[in-house]
Amino acid sequence: MKTSVLTLILIVISFGSHAQNEPYPYPSLSPKGKISQNVGNTLIQIEYERPAVRKRKIFGALVPWNEVWRTGAGNCTKISFDSNVVVGGQKIAAGKYALLTIPGESEWTVILNKDTTLYGTAAYNPKKDEARFVTIPGKTQRFYETLNFDIEIIPNNARIFLSWVDTQISFDVETTTDEAIEKWMAEELLTRKSKDSYLYAGAADYWLYRGENYTEALKLADIAIELDEDNGWARNVKIKLYERQELYDEAIDEIQKSIENVKGREYPDKREKENELLQLRSELERIRKLKED
């Protein structure tokens, strides 16, 4: 017995000595992953450790049904927002949260918890939950060997996807981007407080991008041109706004004005002027064909 104990001690000492001399050669079974995405005015980041299937049964076995799961391996998965958002329909203050889940066969509960120090779920305290909501799982066509997070941008908002094996859940993140921009435009642009032509052009382009408020967008583009008649961006936005509304005569008129504007301007590089005129004439022909059709 004494010999066996002594042998074990020598093995441990030998391993410790070896570990100090050489780096640990084996890859992590659940390598760390991180996804970061700017969504409107908000930076969303997810940090997690990515377990693999490795021929095991996952949901309902390795990850039991109806029990709190750290949604990864090792340290709890963390999600952070650098501005206030709405997640799963619930208001969330800017900050970092543990992203926990309760997987179920027909529905999952998603939890944002204030304790980001969790390793596993033994110390999980539901009193520290910032939000809880339910989402319905679906099946994927692709097989995910390792746990995967993805952030899809839905203009100025996002949808977060969690996928593993053949199962996927998702939930929405709404930012304050549109609300903040519209408030700023009302205070700075619609009052004509700002004198920056490009801010007006950007606002007109914003509404074009959103596919809304075309009348207001045209008004903003007109102010931009009034402030700077050489603002080609504003003129181009006006053309697109007219085309979007099938106001082809107005679009043609605006293109012709743009051509005359370019002709009367001085360019450091003549090729740039020629390219702009070529592009505008091409647009003129395209819009004329649209009108004829």
Side-chain angles (χ1 to χ4, degrees), residues 37-44 82-86 152-159 172-269 272-291 293:
Q37 181 63 58
N38 284 303
V39 180
N41 63 358
T42 302
L43 174 64
I44 301 174
D82 70 350
S83 62
N84 297 343
V85 291
V86 174
E152 180 181 6
I153 299 176
I154 303 170
N156 297 330
N157 297 306
R159 181 170 292 122
D172 293 330
V173 177
E174 300 172 40
T175 73
T176 60
T177 307
D178 293 327
E179 178 185 348
I181 288 175
E182 290 172 35
K183 182 175 183 293
W184 177 82
M185 285 195 298
E187 294 173 352
E188 298 292 326
L189 303 185
L190 297 180
T191 60
R192 302 192 68 153
K193 181 178 177 181
S194 172
K195 303 303 179 185
D196 188 330
S197 175
Y198 279 83
L199 290 179
Y200 289 92
D205 204 17
Y206 167 81
W207 285 123
L208 174 66
Y209 170 74
R210 287 276 303 273
E212 300 175 22
N213 288 353
Y214 291 153
T215 300
E216 186 171 300
L218 284 167
K219 178 181 176 181
L220 291 161
D222 281 335
I223 297 172
I225 295 168
E226 179 186 323
L227 290 168
D228 178 8
E229 64 178 9
D230 294 337
N231 189 330
W233 180 17
R235 292 183 181 277
N236 186 51
V237 170
K238 279 191 73 176
I239 294 165
K240 291 179 179 178
L241 286 165
Y242 285 135
E243 181 185 353
R244 188 75 63 87
Q245 299 172 87
E246 299 183 0
L247 298 173
Y248 299 127
D249 287 332
E250 288 84 347
I252 289 169
D253 182 60
E254 191 60 44
I255 294 172
Q256 290 171 333
K257 288 179 181 177
S258 296
I259 289 172
E260 292 305 311
N261 174 264
V262 171
K263 283 181 178 180
R265 288 160 56 190
E266 293 293 330
Y267 283 74
D269 187 339
E272 183 183 352
K273 183 173 186 174
E274 290 169 0
N275 287 337
E276 281 200 39
L277 287 171
L278 184 64
Q279 179 64 31
L280 285 167
R281 286 167 181 151
S282 176
E283 280 291 283
L284 184 60
E285 289 304 310
R286 185 179 67 81
I287 297 296
R288 281 174 173 166
K289 287 181 181 179
L290 285 175
K291 181 185 175 182
D293 294 341

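Excluded from the calculations below are hydrogen atoms, water molecules and symmetry mates; all remaining heavy atoms, backbone and side chain alike, are included.
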Any side-chain heavy-atom pair of Asn156 and Tyr206 under 4.5 Å: yes
Can you sort out the partners of Glu226 under salt bridge (Lys or Arg N to Asp or Glu O under 4.0 Å), two or more places apart, ordered by chain and number? Arg192
Pairs satisfying salt bridge (Lys or Arg N to Asp or Glu O under 4.0 Å), at least one member in residues 272-281, at least two apart: none
Rounded to the nearest 0.5 Å, what separates atom CD1 in Ile252 from atom CG in Leu247? 11.0 Å
Any side-chain heavy-atom pair from Leu241 and Val237 closer than 4.5 angstrom? yes
What residues form a side chain to side chain donor-acceptor pair (under 3.5 Å) with Glu229, not counting sequence neighbours? none
Ionic contact status for Glu285 with Arg288, cut-off 4.0 Å: yes
Could you tell me which residues satisfy salt bridge (Lys or Arg N to Asp or Glu O under 4.0 Å) with Asp230, sequence neighbours excluded, listed by chain and number? Arg265
All side chain to side chain donor-acceptor pair (under 3.5 Å) counterparts of Asp293, not counting sequence neighbours: none
From Leu218 atom CG to Glu254 atom CD, the distance as rounded to the nearest 0.5 Å: 9.0 Å
Could you list the residues that satisfy side chain to side chain contact (heavy atoms under 4.5 Å, CB included) with Glu243, not counting sequence neighbours? Tyr248, Arg286, Ile287, Leu290
Thr177-Asn41 side chain donor-acceptor pair, cut-off 3.5 Å: yes
At their closest point, which heavy atom of Leu227 faces which heavy atom of Ser194, and how far apart are they? CD1-O, 4.5 Å
Residues two or more places apart in sequence or in another chain: which of them pass side chain to side chain donor-acceptor pair (under 3.5 Å) with Glu216? Trp207
Would you mind reporting whether Leu199 and Glu188 have side-chain heavy atoms less than 4.5 Å apart? no
Applying salt bridge (Lys or Arg N to Asp or Glu O under 4.0 Å), can you list everything that pairs with Asp228, at least two apart in sequence or on another chain? none
Pairs flagged by salt bridge (Lys or Arg N to Asp or Glu O under 4.0 Å) wherever residues 196-213 is involved - sequence neighbours left out: Asp178-Arg210, Glu182-Arg210, Arg210-Glu212
Does Gln37 have any side chain to side chain donor-acceptor pair (under 3.5 Å) partners at least two apart in sequence or in another chain, and if so, which? none
Starting at OG1 of Thr175, measure out to CG of Asp82 and round the result to the nearest 0.5 Å. 10.5 Å
Using a 4.5 Å cut-off on heavy atoms from C-beta on, say whether the side chain of Met185 contacts that of Asn213. no
Decide yes or no on salt bridge (charged side-chain N to carboxylate O under 4.0 Å, His left out) for Lys193 and Glu187, but give the supporting numbers first. CA-CA 8 Å; Lys193 181 178 177 181; Glu187 294 173 352; over 6 Å; no
On a heavy-atom basis, which atom in Gly202 and which in Trp233 lie closest, and how many Å separate them? CA-CH2, 3.3 Å
Which atom of Ile255 lies closest to which atom of Leu280, heavy atoms considered: CG2-O, 3.5 Å
Within this structure, what is the CG-NZ distance for the pair Leu220 and Lys238, rounded to the nearest 0.5 Å? 11.5 Å
Note: Ala201 and Ala224 closest approach over all heavy atoms is N-CB, 3.8 Å
May I ask you to test the Thr176-Val85 pair for a side-chain heavy-atom distance under 4.5 Å? no
Tell me, please, which residues at least two apart from Lys195 pass salt bridge (Lys or Arg N to Asp or Glu O under 4.0 Å). none
Any heavy-atom pair between the side chains of Ile44 and Val173 that's under 4.5 Å? yes
Value for CG (Leu284) from CG (Leu277), rounded to nearest 0.5 Å, stands at 12.0 Å
Side chains of Val262 and Tyr267: does their closest heavy-atom pair fall under 4.5 Å? yes
Counting C-beta onward and ignoring hydrogens, is there a side-chain heavy-atom pair between Asp222 and Tyr200 closer than 4.5 Å? no
Spatial distance of atom CG (Asn231) from atom CG (Asn236) [nearest 0.5 Å]: 10.0 Å
Looking at residues at least two apart in the chain, or sitting in another chain, which of them share a side chain to side chain contact (heavy atoms under 4.5 Å, CB included) with Lys289? none
